[in-house]
Visitor: 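Input: one structure, supplied below.
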Amino acid sequence: QTYTETPGTKNCYVRAVAGGGGGGGAAITGAGQASAGMGGGSGAYLEGYYPVASLSGKTLNIGTAGAGGGAGLAGGGGGATNMSGVFFCLGGFGGDSGGVVTGTAVAAQGDTAANPTGGNVLSVRSAVSSLGIAVPTGQVARALGGISPFGRWGSGGSGGSVGQNSASGQSGYDGEVGYAIIYEYA
């Protein structure tokens, strides 16, 4: 979408976040086994103050949500939110798949995306997911996706968890789409 300013605008304040990564799926388990996929990372976030001439006529791209991984598969990465030559926010990484273990499965925290570029007020790397735990007796604590500074927008998807004997796998959850707001000032 191309940005066209309201007549009389001199400066703009931008808040932008990239799409969140999808959560990793938990694998199929056998007797006495468990599996827990990692949650996806949130998209990178920035705030910036720019002269309107820097934004006028440029295309704003909003990051797509990363898809949750199927049973035993990694989640997809979130898409970038950017405006060519002005700013760039990298999407959150997809969560790794959950391997099968005998006993308690623990999903580690994922990686963070690189710092966004072009944010001259605030630049925040993506947030990692929480830890996830699954035990063969049925108790699970799903690995939640990384939380975005923008709230829901740009957050990572939760990982799948299987804590039952001989259970089918569970897909990870989708991340959330990116978002941007451009405030105009005369």
Side-chain angles (χ1 to χ4, degrees), residues 15-46 61-82 89-116 123-180:
R15 296 177 64 206
V17 67
I28 297 168
T29 59
Q33 296 178 325
S35 178
M38 285 184 189
S42 72
Y45 173 84
L46 68 71
N61 300 297
I62 302 296
T64 57
L73 300 174
T81 293
N82 64 77
C89 297
L90 186 64
F93 292 123
D96 286 341
S97 61
V100 175
V101 298
T102 300
T104 301
V106 176
Q109 293 176 307
D111 293 326
T112 62
N115 281 327
S123 294
V124 180
R125 294 176 77 128
S126 64
V128 297
S129 64
S130 65
L131 294 175
I133 300 173
V135 295
T137 56
Q139 293 84 11
V140 297
R142 188 177 326 284
L144 301 177
I147 303 298
S148 161
F150 225 137
R152 173 184 160 205
W153 306 110
S155 290
S158 296
S161 294
V162 176
Q164 301 169 7
N165 292 323
S166 303
S168 59
Q170 183 187 34
S171 296
Y173 293 83
D174 294 343
E176 296 290 341
V177 297
Y179 197 70

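No hydrogens, no waters, no symmetry mates; every other heavy atom, side chains included, goes into these values.
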Visitor: I need the minimum non-hydrogen distance between R142 and S161, along with the two atoms involved.
Guide: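 Smallest heavy-atom distance, with atoms named: CA-OG, 3.6 Å.
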
Visitor: At what distance, to the nearest 0.5 angstrom, does CD1 of I28 lie from OG of S168?
Guide: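 Output value for this atom pair is 7.0 Å.
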
Visitor: Considering all heavy atoms of both residues, which atom of A27 and which atom of V162 are nearest to each other, and what is their separation?
Guide: O-CG2, 4.1 Å

Visitor: Which distance, rounded to the nearest 0.5 Å, do you find between the SG of C89 and the CG of N115?
Guide: 10.5 Å

Visitor: Of all the heavy-atom pairs spanning G98 and S35, show the shortest one and how long it is.
Guide: O-OG, 2.9 Å

Visitor: Going by ring pair (Phe, Tyr, Trp, His ring centres under 6.0 Å), name the residues that satisfy it together with Y45, two or more places apart in sequence or in a different chain.
Guide: F150

Visitor: Do E176 and Y173 have side-chain atoms, one donor and one acceptor, less than 3.5 Å apart?
Guide: no

Visitor: Check whether any side-chain N or O of S155 sits under 3.5 Å from a backbone N or O of S148 as a donor-acceptor pair, and report yes or no.
Guide: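 Judged by distance alone, yes, a pair lies under 3.5 Å.
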
Visitor: Using distance only, find each side-chain donor-acceptor pair of residues 62-81 under 3.5 Å and give its atom names and separation, not counting sequence neighbours.
Guide:
residue, atom, partner, partner atom, Å
T81, OG1, V17, O, 2.8
T81, OG1, G63, N, 2.9

Visitor: Can you name the closest pair of heavy atoms from P149 and V124 and give their distance?
Guide: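 Looking at all heavy atoms of both residues, the shortest contact is CG-CG1, 4.2 Å.
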
Visitor: So how far is it from S129 OG to I147 CD1, rounded to the nearest 0.5 Å?
Guide: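 Rounded to the nearest 0.5 Å, the OG-CD1 separation comes out at 10.0 Å.
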
Visitor: So which heavy atom on G37 is nearest to which on A143, and how close?
Guide: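 Heavy atoms only, the tightest pair is O-CB, 3.5 Å.
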
Visitor: Might you point out which heavy atoms bring L46 and P116 nearest each other, and give the distance in Å?
Guide: CD2-CB, 3.9 Å

